[in-house]
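What follows is a single structure, written as structure tokens, with notes after it.
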Amino acid sequence: MRISKLFGKTQREIPAEADTISHQLLLRAGMISQVAAGVYSYLPFAWRALRKIEDIIRDEMNRAGGQELTLPVLQPLELWQESGRDQAFGKSLFTLSDRRERSLVLGPTHEEVITQLVSHHVQSYRDLPLLLYQIQTKFRDEPRPRGGLIRVREFTMKDLYSFDVDEEGLEESYQKMLQAYKNIFNRCGLPTMLVEADSGAIGGKDSHEFMLLAESGENENIYCPGCGYAANAEKAEIAKGTIDGGEPLPLEEVATPGMTSIEQVSGFLGVPQNLTLKAVFYVADGEFIFVVIRGDLDVNETKLQNALHCYELRMATEAEVIEAGIVPGSASPVGIGSIRIVSDDSVPVTANLVGGANKPDTHLKNVNHSRDFSADIVADIALAHAGDTCPKCGHELEATRGIEVGHIFKVGTAHSEKLGALYADADGVSHPIIMGCYGIGLGRLLAAAIEQNHDEKGIIWPMPIAPYQVYLCPLYRDNTEVSEVAERLYTELEAEGIKVLLDDRTESPGVKFNDADLLGIPLRVTISPRTLEKGSAEIKRRTEREFELAPLEEVTARLKELVAEGIKTS
RNA sequence: CGGGGCGUAGCUCAGCCAGGUUAGAGCGCAGUGUUCGGGUCGCUGAGGCCGGAGGUUCGAAUCCUCUCGCCCCGACCA
């Protein structure tokens, strides 16, 4: 490709709307253009990189035994009502009406459609297992699109669905995909962290996310340098330790004038925070909920939502708290009547806690679960932080941010039961098919690749997903020999299957070098009268400052070597 | 949905508070000369319904009302 013909221009200034690095660079490199909030056009340069990623994904899916197909974007709303997920998706579901006023949705994912499809075409255990996938556009009306391609409303996704007869089969499919995903990210040259993930209210047991580590990541991940335990903070568990509060003592009111926070009460009474009771209030699908947890811990809202099996969860307002008859700052679960109580599992095992008295400026000593109050739900609802203790090995946990680029999970039979995807076993008995679901967001991966691979000058593409492999950069200076050599080399490299971007513009060296850096092509070859004097060309890696001088007749061979090396070591 | 910010040339912005010739700059673009190993320097030129609608006024980019859009933080995100 000649850069003079390439659609999409580089830009010096950082576009005002872009905050995220990948967003800025994608715009400056002329790779994407915004159409609406969370909706982008991909220009040729970005599209080439996306296609490289797509090729790697497709190859790994096929190797793992996946069969590619394509499912419709336009789907009847009834299908979603049948599965019950029109509620779960809520406003994120794009809906529309056709000319006969029938309601349709733009598919945010394809479990429903594929489960129905499979129900029509699978009858016997002999038809299973199946791994079916597609690479296709999804639509989700995100409440807040952000970060350029990181969170958008229309995006390309690879989604694979596995169908098995039993748990062992599902496990096998799951492991295949886990490995395929590792291969994909490795082959793309993009190191990821595999973390345990929350599978949501509907999902089944296991769920893992692939996190590409980046400061700008939306997810916090907790991991253990000791044993390798890693989990999304939404899911992460911690060893809370048991604190010996002694034998249960009689409940006792104490005056705590002006003390409303755990910190204040703990300091005032000289009681450690882990012997206090923290109260927090939520509204779950409209119901007021009283949540208690040991004073040194925080509530993990994802875990809480899972414990409550609710769609909507938010913190209660102070007015709602007061209306519920609770005294903020001195709230107590003791004697609060019919309000549902959710307790972290740290509370029942700790004796003689200090909690609120539900009277201003008063707290209770020696609050004991079961004796003084009883939670309706006891579950692990604690939020993990860096510095907490690893639940597996006791080492101190650390935290790191990441972008979720892949998510795999065991769905189970939720959809197959609702949509009637059954198979007959060897005895002719019907069972629901067991499903797994595996997704990669391609555009997000593209953006994440840039988040992970850039410097102050621009993008640094890993070789395997680079839109072009070589940036051929002749510095003309009205020199016909330079342009002849460049043209010859260009033809030769293309003939060898190397993807070359030829900077055929009569720009100054500075302009060309800066564009080369911004565009981030892994190898740069400079030809100038100066290099020709030595009968050679300069070869420079984007990742390095220094260049090497190669005799002209060896340039092609050397570049082939470097391209191969870049693909292999990535 | 709550909070904050912004809509003026393809891009980045000034002008608005305090209304008044023909709305400006830099980048980019076209032409031209110059320079040539890290965004060279000139000259000439094209390019604007000042997001949209209504209002106030002799007069609105500027003031008022409504609206649409975009960005950021939060909520949300199977």
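Naming convention: chains lettered A, B, ... in sequence-line order (proteins, then strands); numbering from 1 in each chain.
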| task | Measure from NZ on A:Lys540 to P on B:rG37 and round the result to the nearest Å. | result | 17 Å
| said: Measuring from the side chain of A:Asn514 (C-beta onward, heavy atoms only), which nucleotide among B:rG38, B:rC73, B:rC70 has the closest atom? | reply: B:rG38
| A:His454 versus A:Ile460, closest heavy-atom pair with distance | C-CD1, 3.8 Å
| field | Rounded distance in Å between the C1' positions of B:rU65 and B:rG3 | value | 23 Å
| task | Provide the Watson-Crick or G-U wobble partner of B:rA25, both distances under 3.5 Å; none if there is no partner. | result | B:rU12
| request: For A:Leu313, report the nucleic acid contact type (base, sugar-phosphate, nothing); a contact means any heavy atom under 4.0 Å. | output: sugar-phosphate
| message | I'd like to know whether the aromatic ring centres of A:Tyr161 and A:Tyr133 sit less than 6.0 Å apart in this structure. | response | no
| query | Which nucleotide sits closest to the side chain of A:Arg28: B:rG38, B:rG39, B:rC77? | reply | B:rG39
| task | Using atom CG of A:Asp517 as one end and atom P of B:rG37 as the other, report the distance to the nearest whole Å. | result | 17 Å
| Between B:rC13 and B:rG48 - C1' atom distance, rounded Å | 15 Å
| query | What is the pairing partner of B:rU34, taking Watson-Crick or G-U wobble pairs with both distances under 3.5 Å in any strand? | reply | none
| task | Could you check how far CG of A:Asp503 sits from P of B:rC36, rounded to whole Å? | result | 19 Å
| message | Counting the atoms with a prime plus P, OP1 and OP2 as sugar-phosphate, which does A:Gly147 contact under 4.0 Å by heavy atoms, base, sugar-phosphate, or nothing? | response | sugar-phosphate
| message | By nearest atom, which of the nucleotides B:rA78, B:rC72, B:rG37 is closest to the A:Thr531 side chain? | response | B:rG37
| field | Rounded distance in Å between the P positions of B:rC58 and B:rC6 | value | 31 Å
| Heavy-atom pair of closest approach, residues A:Ala447 and A:Ser22 | O-CB, 3.3 Å
| task | Return the nearest nucleotide to the side chain of A:Phe409; candidates are B:rC70, B:rA78, B:rC73. | result | B:rA78
| request: Indicate whether any N or O donor in one side chain lies under 3.5 Å from an N or O acceptor in the other, for A:Gln75 and A:Trp80. | output: yes
| message | The side chain of A:Arg151 is closest to which nucleotide in this list: B:rC77, B:rC70, B:rG38? | response | B:rC77
| message | I'd like to check A:Glu451 versus A:Ile403 (side-chain heavy atoms, cut-off strictly below 4.5 Å). Are they in contact? | response | yes
| query | Between B:rA78, B:rC76, B:rC27, which one does the side chain of A:Arg12 approach most closely? | reply | B:rC27
| query | Just wondering, more than 12 heavy atoms not from A:Glu553 lying within 6.0 Å of its CD? | reply | yes
| A:Lys138 near the nucleic acid: base, sugar-phosphate alone, or nothing, with a heavy-atom cut-off under 4.0 Å? | nothing
| message | Measuring to OP1 and OP2 of B:rU40, would you say a side-chain N or O of A:Ser508 lies under 4.0 angstrom away? | response | yes
| task | Check the angle between the aromatic planes of A:Tyr174 and A:Tyr438 and answer parallel, tilted or perpendicular using the 30° and 60° thresholds. | result | tilted
| task | Rounded to whole angstrom, note down the C1' distance from B:rG19 over to B:rC63. | result | 8 Å
| A:Arg524 side-chain proximity, nearest of B:rC29, B:rG38, B:rA78 | B:rG38
| request: Among A:Thr400, A:Val405, A:Asn232, A:Leu194, find the one that has a side-chain contact (heavy atoms from CB on, under 4.5 Å) with A:Met211. | output: A:Asn232
| Euclidean distance for P, B:rU34 against B:rC11 (whole angstrom) | 33 Å
| remark: Counting primed atoms, P, OP1 and OP2 as sugar-phosphate and everything else as base, the B/S/- map of nucleotides 7-14 of chain B against protein heavy atoms under 4.0 Å is ----BSS-
| said: Please compare A:Asp515 and A:Thr109 by the position of their nearest nucleotide in RNA chain B and report the one closer to 5'. | reply: A:Asp515
| Of all the nucleotides listed (B:rA75, B:rC70, B:rG37), which has the minimum atom distance to the side chain of A:Ser528? | B:rG37
| Paired with B:rC49: which nucleotide, if any, by Watson-Crick or G-U wobble criteria at under 3.5 Å for both distances? | none
| message | Using atom C1' in both nucleotides, what's the gap between B:rC50 and B:rG15 to the nearest angstrom? | response | 10 Å
| field | Partner residues of A:Glu548 under the side-chain hydrogen bond (donor to acceptor under 3.5 Å, both in side chains) criterion, sequence neighbours left out | value | A:Arg558
| remark: To the nearest angstrom, the CD-C1' distance between A:Glu507 and B:rC27 comes to 13 Å
| Can you tell which of B:rC29, B:rA75, B:rA78 lies closest to the side chain of A:Lys9? | B:rC29
| task | Determine the Euclidean distance between corresponding P atoms of B:rU8 and B:rG51; express it in Å to zero decimal places. | result | 6 Å
| query | Within the pair A:Gln34 and B:rG69, is there a side-chain N or O less than 4.0 Å away from OP1 or OP2? | reply | no
| remark: Rounded to whole Å, CD of A:Glu142 lies from C1' of B:rA78 at a distance of 11 Å
| query | Expressed in whole Å, how much space separates the C1' atoms belonging to B:rG24 and B:rA14? | reply | 7 Å
| task | Indicate whether OP1 or OP2 belonging to B:rC72 is found under 4.0 Å from a side-chain N or O atom of A:Arg146. | result | no
| Do the side-chain N and O atoms of A:Gln116 and A:Glu112 include a donor-acceptor pair separated by under 3.5 angstrom? | no
| field | Whole-Å gap separating P (B:rC71) and CD1 (A:Ile32) | value | 11 Å
| task | Measure from the ring center of A:Phe210 to the ring center of A:His208 and say whether it is less than 6.0 Å. | result | no
| field | Whole-Å distance separating the CG atom of A:Asn479 from the P atom of B:rG37 | value | 13 Å
| task | For B:rG74, give its Watson-Crick or G-U wobble partner with both distances under 3.5 Å, or none. | result | B:rC1
| What nucleic acid atoms does A:Pro145 come within less than 4.0 Å of, heavy atoms only: base, sugar-phosphate, or nothing? | sugar-phosphate
| note | The Watson-Crick or G-U wobble partner of B:rA61, with both key distances under 3.5 Å, is none
| message | Nearest heavy atom decides the nucleotide; on that basis, is A:Ala36 or A:Glu111 closer to the 5' end of RNA chain B? | response | A:Ala36
| query | Starting at CZ of A:Phe89 and ending at P of B:rC76, how long is that distance when rounded to a whole Å? | reply | 16 Å
